[in-house]
Amino acid sequence: MDWGLRNRLSRIIVPDTGRSVMLAVDHGYFLGPTSRLEVPRKTIMPLAPYADSIMLTRGVLRSSIDPSICNSVVLRVSGGTSIVGEDLSNEGIITSVEDALRLNASGIALSIFVGSKHERQTLLALSELVNEGTKHGMPVLAVTAVGKELGKKDSRYMALACRIAAEIGANIVKTYYCDDFDKVVESCPVPIVVAGGTKVSEKDALELTYNSIKSGAAGVDMGRNIWQSDHPIPMIKAVRKIVHEDAKPKEAYELFKKLAKEK
Ligand code: R5P
């Protein structure tokens, strides 16, 4: 692995702990103005100082994020579908690696839809991105999409999708927590970060964070469970406490409640 790629990776996964709190704010790429992310700048800027990396599209980066923020950025470069369209799995690459370099991204991300009609198309797109990324020292994060039409959200399916992403050459895999998650992590030879999924209680989201880390995940790439909370900053701080300080969920939840009250 060349120096540039390793340097970029270390801006996503913090070398001190080998872990990462990524803030996922890319939802608009197919969902439009998602609840509490209607005005991207308002949601993202106050949270940015607490995230190791921010995952978003180039459009939101250019329009809504101050270039002076010191966090690293992972650009979502797949898309071309919408929630009102026919098939969410019919994605392609929408942003070039050159543009990602120009925007000083530390990584590029795309979704793969294993088990869908467009499985082959999305896996070949991942391969293309890895080929291009490798030329330029740009790490690739593969997101294993989930959905009704795809395989069951269980460890066999997740392990299959994550392993395929790693075999194609993804440097980081983002997936969803499930039972027997340690088996998913064990059989994936590159770091895994866990998506938060739909909004649940803060207590449950912190449990999910803890269970993911305990099973061997390198961190979270969490969105709605942070910025759809009534107290997003206390929430991201509580998530950090687990990811970077190995706090138990109870301790992190106590911190969340304390910070939320102070606010
Ligand atoms: C899904 O592919 C989106 O790219 C989000 O980044 C992802 O779902 C993580 O966000 P959340 O924690 O809200 O699920």
Side-chain angles (χ1 to χ4, degrees), residues 12 20-38 40 43-44 47 50-61 71-83 85 87-95 105 107-114 116 118 122 125-126 129 140-150 153 158 161-162 165 170 172-178 192-202 204-213 217-229 232 235-236 238-240 242-243:
I12 304 170
S20 184
V21 173
M22 298 178 66
L23 179 69
V25 284
D26 58 325
H27 303 59
Y29 92 94
F30 74 102
L31 288 172
T34 315
S35 169
R36 300 214 176 168
L37 194 54
E38 293 89 346
T43 304
I44 303 167
L47 287 167
Y50 307 103
D52 299 313
S53 193
I54 304 177
M55 180 176 165
L56 76 187
T57 58
R58 66 175 167 191
V60 166
L61 181 67
N71 315 76
S72 69
V73 158
V74 172
L75 272 195
R76 147 104 28 209
V77 301
S78 70
T81 61
S82 87
I83 192 70
D87 185 350
L88 282 177
S89 71
N90 196 7
E91 282 194 357
I93 296 172
I94 55 169
T95 302
I108 46 179
L110 109 165
S111 293
I112 56 168
F113 293 78
V114 174
S116 78
H118 296 99
T122 59
L126 171 60
L129 221 53
V140 175
L141 181 153
V143 183
T144 67
V146 291
K148 277 186 224 105
E149 75 285 7
L150 304 179
K153 201 170 149 186
M158 292 305 179
C162 291
I172 305 176
V173 175
K174 168 175 167 175
T175 193
Y176 290 81
Y177 183 77
C178 59
I192 287 189
V193 291
V194 174
T198 49
K199 175 81 174 76
V200 292
S201 70
E202 282 81 3
D204 287 352
L206 292 170
E207 278 290 339
L208 174 122
T209 304
Y210 177 77
N211 290 336
S212 304
I213 296 295
V220 292
D221 187 6
M222 192 176 270
R224 290 162 289 181
N225 277 293
I226 292 174
W227 40 261
Q228 285 182 345
S229 167
M235 186 57 185
I236 196 169
V239 169
R240 288 193 73 81
I242 295 172
V243 171

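We count ligands from 1, going down the list as the structure has it; atoms in each ligand are counted the same way. Atom set for the values below is all heavy atoms of this structure, side chains included, hydrogens, waters and symmetry mates excluded.
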K.L.:
Could you pull out all residues at least two apart from R224 that satisfy salt bridge (Lys or Arg N to Asp or Glu O under 4.0 Å)?
P.N.:
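In terms of salt bridge (Lys or Arg N to Asp or Glu O under 4.0 Å), with neighbours along the sequence ignored, R224 is linked to no residue.
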K.L.:
Could you go through ligand 1 and list every pair where one of its N or O atoms sits under 3.5 Å from a protein N or O, giving the atom names and the distance to one decimal?
P.N.:
unit_1	atom_1	unit_2	atom_2	d
ligand 1	2 (O)	R76	NH2	3.3
ligand 1	4 (O)	D26	OD1	3.2
ligand 1	4 (O)	D26	OD2	2.4
ligand 1	4 (O)	R76	NH2	2.9
ligand 1	6 (O)	D26	OD1	2.5
ligand 1	6 (O)	D26	OD2	3.4
ligand 1	6 (O)	K174	NZ	2.6
ligand 1	8 (O)	Y176	OH	3.2
ligand 1	10 (O)	H27	NE2	3.1
ligand 1	12 (O)	G196	N	2.9
ligand 1	12 (O)	G197	N	3.4
ligand 1	12 (O)	G223	N	2.8
ligand 1	13 (O)	H27	NE2	2.7
ligand 1	13 (O)	R224	N	2.9
ligand 1	13 (O)	R224	NE	2.7
ligand 1	14 (O)	G197	N	2.8
ligand 1	14 (O)	R224	NH2	2.8

K.L.:
After noting the C-alpha distance and the side-chain angles of R76 and S111, does the key distance pass the side chain to side chain donor-acceptor pair (under 3.5 Å) rule?
P.N.:
CA-CA 9 Å; R76 147 104 28 209; S111 293; 2.9 Å; yes
K.L.:
Can you tell me how far apart CD1 (I12) and CD1 (I172) are? Round to the nearest 0.5 Å.
P.N.:
4.5 Å
K.L.:
Show the nearest heavy-atom pair for residues T81 and F30, with the distance to one decimal.
P.N.:
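That would be O-CB, 3.5 Å.
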K.L.:
Roughly how far apart are M55 CE and S72 OG, rounded to 0.5 Å?
P.N.:
12.0 Å
K.L.:
Measuring from T209:OG1 to M222:CE, what's the distance to the nearest 0.5 Å?
P.N.:
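So the OG1 of T209 and the CE of M222 are separated by 3.5 Å.
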